[in-house]
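Only heavy atoms go into these numbers, but all of them, side chains included; no hydrogens, no water, no symmetry mates.
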Amino acid sequence: MGYFSRPKGPNPADEEIKKRRDAEAAAEQARKDAKAAKEQLAELNRSNEEKQEEARAARQAAEKAAADAQVQAHKEREAMAEAKCAADEARLQAEAAARTASEEARKQAAQAEEGHKRALAVQEQARRDAQAAQEHAKKLQEAADEEKKRATAAQEAANALKKVAEEQVKVANAAKEEAERKLKEGIQPVVTPTPKQVSDAKQLVQYCEDLFHIAIAGVAGGGKSSLINTFRSLLNKDIGAAATGVTETTLVMARYPHPNAEYHLVFYDFPGAGTPNVTGWQYFNEQGLYIFDSIIVLFDNRFTDVDIAILSNCRRFKIPTYIVRSKADQHIRNIMNDMGYDSDGDSNTFKRVHQAAQQQFIDQTRQSVKDNLEISNLPEQRVYIVSNKTMLNVSKAGVFDVLKQPNSIDEMQLLTDMIREVQNRRGRRD
């Protein structure tokens, strides 16, 4: 045995040679497969191009056939249009010929009818002339008879008018004597305004159907201007407020719209009655109060004949009224003084005395108004007792919360009733 022995297992060199040969064989087979695939792809492309060429040829043939069909259809439509025109022309000619023949026949018939009418007209005119002559003779006779009747009637009417005139003189004299008697007794005559007077009065106060017009009326010095200011949430010294004073400051009617347009209210301040400028019995008619939607009859110390006259006329004209006594705080303070109240007393004493004085004032006022209305044969109605200070506070509040006004009497109720009357009136109109 030598020093080196042959190794066992496969020879690495042989293995490497075998792998190389297998790889070369695989590469050769891949080249053959790639060549075959390329040739197959080329064959598919040639086949596809042939089919696309056939499709183009078929499409061109279809397009040509469609174009030929359109040309043929166009020719057929033109032929049909020419045939229709020829038919319409023939129809129009036939209709024209028929109209001409009909018009000629109608003219001949009209001429014959006109000749017949002229003959009848001549005959009718002759008959009318004869009848007119007869009627004229009859009318002349009737006119003579009527003239005789009128002469007789005129004589009878003259006699009747004479009697009526004599009777009217008697009535006028009696009315004059009655008016003079009433004037002597201080009774206001009943005067009904004419339509023109009503129209003039409405124009003077700028009457508008969409608004509610309230007149503040009463004797002089009752506080009418101050009350209007409180309704409008104004102090007497504020700009735009109605003029006030100790003496009669309102000499002519003044118009004051409510600042809140939602209320649709307009107030009117009138001169007070019972002054040399405005006598009591003339007050209602001379101030044109008959055109107002509502009237506040305002009094201070006592209910007067002027107030009764206003209420009576308002009832005659069916005008809603509010009887209002003003300056309640002043009158209550006077009653407290009469009770011996000393302003140095404590708050509890003041409250007790004030409540008693207030109730006494309310009872006296309402009983007095009730008695005056009963004596004057007027129906009983509520009297609203107010003070300007409380009325101003209530009016400014916006919402009528009486709990915030401990001294309130009828202020809130007066404003509520006035606004409710406005709403009811607008509801009736709507």
With sequence neighbours excluded, what pairs up with Tyr256 under the side-chain hydrogen bond (donor to acceptor under 3.5 Å, both in side chains) test? none
Quick check on the 6.0 Å ring-centre criterion: do Phe270 and Phe292 meet it? yes
Can a donor-acceptor pair be found between the side chains of Gln29 and Asp33 at a distance below 3.5 Å? yes
For Gln40, is the CD atom crowded, meaning more than 12 foreign heavy atoms sit under 6.0 Å from it? no
Can you give me the closest heavy-atom contact between Ser368 and Asn372, atom names plus distance? O-ND2, 2.7 Å
Quick one: do the Glu411 and Ser408 side chains pair a donor with an acceptor below 3.5 Å? yes
Donor-acceptor under 3.5 Å (Asn313 side chain, Ala309 main chain): yes
List the residues meeting side-chain hydrogen bond (donor to acceptor under 3.5 Å, both in side chains) with Thr365, not counting sequence neighbours, and say none if there are none. Arg325
Please determine if Glu142 and Lys139 form a salt bridge, counting it only when a charged side-chain N lies under 4.0 Å from a carboxylate O. no
Between Asn229 and Ser226, does any side-chain donor sit less than 3.5 Å from a side-chain acceptor? no
Residue pair Ser395 / Thr230, side-chain donor-acceptor N/O under 3.5 Å: no
Candidate pair Phe231 and His258, rule ring pair (Phe, Tyr, Trp, His ring centres under 6.0 Å), full reasoning: CA-CA 8 Å; Phe231 283 151; His258 196 286; 8.3 Å; no
Could you check Val422, Leu414, Thr416 and say which one makes a side-chain contact (heavy atoms from CB on, under 4.5 Å) with Met418? Leu414
Please check if atom CZ in Arg302 has more than 12 non-hydrogen atoms from other residues, nucleotides or ligands closer than 6.0 Å. no
So with a 6.0 Å cut-off around CD of Gln52, is the heavy-atom count from everything else above 12? yes
Check whether more than 12 heavy atoms from other residues, nucleotides or ligands sit under 6.0 Å from atom CG of Asp300, and answer yes or no. yes
Restricting to non-hydrogen atoms, name the atom on Met253 and the atom on Leu204 that form the minimum distance, rounded to 0.1 Å. CE-O, 3.8 Å
Check whether any side-chain heavy atom of Ile214 lies under 4.5 Å from a side-chain heavy atom of Val266, and answer yes or no. no
For the student: nearest non-hydrogen atoms of Leu289 and Ile295, plus distance: O-CD1, 3.6 Å
Scan side-chain atoms only and decide if Thr321 and Gln381 contain a donor-acceptor pair under the 3.5 Å cut-off. yes
Answer with yes or no whether the side chains of Ser225 and Asp269 bring together a donor and an acceptor at under 3.5 Å. yes
For Ala98, does its backbone N or O pair with a side-chain atom of Ser102 as donor and acceptor, under 3.5 Å? no
For residues 121-128, please give each side-chain donor-acceptor pair under 3.5 Å, one per line with the distance, not counting sequence neighbours.
unit_1, atom_1, unit_2, atom_2, d
Glu124, OE1, Arg127, NE, 3.2
Glu124, OE1, Arg127, NH2, 3.4
Glu124, OE2, Arg127, NE, 3.4
Glu124, OE2, Arg127, NH2, 2.1
Glu124, OE2, Arg128, NE, 3.3
Gln125, NE2, Asp129, OD1, 2.8
Arg127, NH1, Gln131, OE1, 3.2

Minimal heavy-atom distance between Phe303 and Ile323, with the atoms involved, is CE1-CG2, 3.8 Å
Less than 3.5 Å apart, any donor N or O on the side chain of Asp371 or Gln367 sitting next to an acceptor on the other? yes
Approximate separation, where rounding is to 0.5 Å, of Ile409 CD1 and Gln359 CD: 9.0 Å
What residues form a ring-ring contact (aromatic ring centres under 6.0 Å, His included) with His264, not counting sequence neighbours? none
Can you list, pair by pair, the side-chain donor-acceptor contacts under 3.5 Å of residues 67-75, counting residues two or more places apart and other chains?
unit_1, atom_1, unit_2, atom_2, d
Asp68, OD2, Lys64, NZ, 3.3
His74, NE2, Glu78, OE2, 2.6

What residues form a side-chain hydrogen bond (donor to acceptor under 3.5 Å, both in side chains) with Arg382, not counting sequence neighbours? Asp410
Nearest heavy-atom pair of Asp417 and Tyr322: which atoms, and what distance? O-OH, 3.4 Å
